[in-house]
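Chain naming here is simple, since letters A, B, ... match the order of the sequence lines and numbering starts at 1 in each.
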Amino acid sequence: MKCENCTKKECSKKQKNDDTQSTSVDALSSNDDFEEKNEFHTLANAKILLSDCLACDNCMTSEEGARVFQQNQKELFRVLNLNKKCDTSKHKVLAVSICPQSLPYFAAKFNLSVNDAAKRLCGFLKSLGVHYVFDTTIAADFSILESQREFVQRYQRRNQEEHALPMFASACPGWIRYAERVLTNLVTPHICTAKSPQQIMGSLVKGYFARQQNLSPDKIFHVIVAPCYDKKLEALREDFYTALYNSQEVDCVLTSGEIVQIMEQKNVSMKDVTEVAVDSLFDGIKEGDVVRHDGKRSDGYLEHIFKHAAKELFGMDVKEITYKALKNKDFQEVTLEKDGEAVLRFAAAYGFRNIQNMVLKLKKGKFLYHFVEVLACPGGCLNGKGQAQTEDGKPDKALLNQMEEMYAAIPVRLPETNMHVQKMYQDWLEGMDSKKVQETLHTKYSTVNQTASNLDIKW
Amino acid sequence: MFYFFILTDSFARVGGTGWSCRAVLGEGHQRTVRRVAWSPCGSFLASASFDATTCIWKRQEDGFECVTTLEGHENEVKSVAWAPSGTLLATCSRDKSVWVWEVDEEEEYECVSVLNSHTQDVKHVVWHPNQELLASASYDDTVKLYQEEEDDWVCCATLEGHESTVWSVAFDRSGERLASCSDDKTVRIWRRYEPGNQEGVSCSGNDPTWKCVCTLSGYHSRTIYDVSWCHLTGALATACGDDAIRVFEESASSDPHQPTFALAAHVPRAHSQDVNCVAWNPKEPGLLASCSDDGEIAFWKYQRPEIC
């Protein structure tokens, strides 16, 4: 007699309530430390909302899931509390780096200008005990500059090397993990090797900044405030770990929403917080007004690489970029025409369905684009699940519109014009073409072979 | 009034006469083929497989040719269905998602939406007979409905009530009602109510609500794997894990908002193992096909009994 639910004798339906793996990881509270629990008890209902790219079981192991879950507010308070105790050997310097797409969220949520939101957020974090608050735009500068150069090099090698083009953007961890685990060799050789802004910020804080301050990397606890949960998975990447110091370059990622939760629990209103200028990586210098990169919803790789390539490869100065939306608003095309001919074709593909279509075209050999900016979340990073959702888990369109407006209002600064970046290339990185640049600013992609162990058939 | 009829001469098994195997499509899939579906125009056949792909076969002079393979599902594809327009296709999988695909005049397929509403394995997808509305049945005990909104598809309704896996769903001819069958051994009939309806069924916003208006319980002794609603006669056929096929008919005096269905025919040993699928012939009233774990496909001729 067979089980009613499937054709197996042993019914997995009976264990139905123990869900194996889903996109929402429920709280485990067995190792609660009393103090942290007091500081932050809303954690009982915490959920991790990963992007659609990470939705299936192939993409994240349960060990990774546990380490992703561990990056929560409690972890931050654990470090803050240790700093209050007498044992100085356990003290750490707390540095928090804020992603450019998180600031419009705080601004929109509290009805502040982006500049005010940045300063108040800094004030709030410092009032908790954080020592340094940074803006990750400088890391994005490096990432964009490296990506631009890499594109031009790939374009120049396109006839010699099979995998030179198309090039895919590398900043989105959901997309990267999906590419590594599921798409594998079809896609990974095409991914730009420049590290994402988050990863570069890790190197800047634990490498450059640590050295300037005479600190060993393990003495700094580096937190990143990001718009999504996928970034927590990115923090676990092996090449962001220094065995010498047993130190991860990014120790903990908290979403914008998780920071707001801390404020709510402490009954703090942004309006009451004192404004404190945001720090920079350079001694004694504070950050000025918030600046951003080109582009509407992402870090701006498409825009910057397009303009750079147009200039370097075709001698053309592009001022305005015209987007052409295809099937849906998350799949857009940008073309450079010279003498009536299309010489560069770029695209932006956001969201799982558009990634699927892109892969289908790649498999058929009908791929038209030289570069694609790929993001796991429709609507781009501003729409990350760590900030753009309503109470019942639906996308908050009104908030997204507001964030887009605020982001658009921030002045644009080209990475090339950042003097600090130029200086760091010379001093810290030993020149733009050095080995150190490759080691510090570039990464590799792994393709782990998945064994299909589907011996149990579920009808 | 409770009716229980077993009229074997209303329900005769048609022999293998007139049916011959015309083609064997062996080159497409690496694992179990779980479901097949004809396109509305009849020129294409879609096959959903445990190898995580869906093949599209085009009918040729001398057989069938695989013209496209739809990939992307993470694991076993459980079902595939064509929309009545012929330009949309839906697939569902153990990966908990439902995918909507679009095919253009050049026979190019593109993924239009990936819907992650279910929390478990999705067993079946079926399209509304004349609207672009999609229904799915899942191991999570629910039926979900989806429609297009702006440039994407969204889940617009969740039908809760079954106490176990929902294996299949079927719309009636009008599309105003849906039948679902489950591992909980019941068939449920759901009816669509528009906002502002006279029966006082509450709706949220501008979306219609689907309410369970009838539950057929006590008839099946095992999981019901499939249900088929005849668009010609309104008869409802079920495929059951107790090896039987049953046909239900709506009573003549049935109240549309509280319909009553009676068991019109019951063949206890239709097959020698679980009956997995039943399908009414869309053109010939009373002609039913069934298939089973016993490896056989059977054809049946059903006639509605006088007293029903």
Separation of A:Phe352 CZ from B:Ser113 OG (nearest 0.5 Å): 11.0 Å
Reported CG-to-OG1 distance for the pair A:Leu360 and B:Thr68, which is rounded to 0.5 angstrom: 9.0 Å
A:Lys324 atom NZ: more than 12 heavy-atom contacts under 6.0 Å: no
Atom CG of B:Asn206: over 12 foreign heavy atoms under 6.0 Å: no
Contacting region of A:Val359 [heavy-atom separation from chain B under 4.5 Å]: neither
Per-residue contact mode, A:Tyr178 against chain B (heavy atom under 4.5 angstrom): side chain
Any side-chain heavy-atom pair of [X] and [Y] under 4.5 Å:
{"X": "A:Lys366", "Y": "B:Glu108", "result": "yes"}
{"X": "A:Lys363", "Y": "B:Glu71", "result": "yes"}
{"X": "A:Asp52", "Y": "B:Asn116", "result": "yes"}

B:Trp153 versus chain A, the contacting section by heavy-atom distance below 4.5 Å: neither
Presence of salt bridge, A:Lys361 and B:Glu110, under 4.0 angstrom: yes
Heavy-atom pair with the smallest gap, counting every atom of B:Gly72 and A:Gln356: CA-OE1, 3.4 Å
Verdict with reasoning, A:Arg353 to B:Asp152, per side-chain contact (heavy atoms from CB on, under 4.5 Å): CA-CA 10 Å; A:Arg353 61 178 169 159; B:Asp152 203 354; 3.5 Å; yes
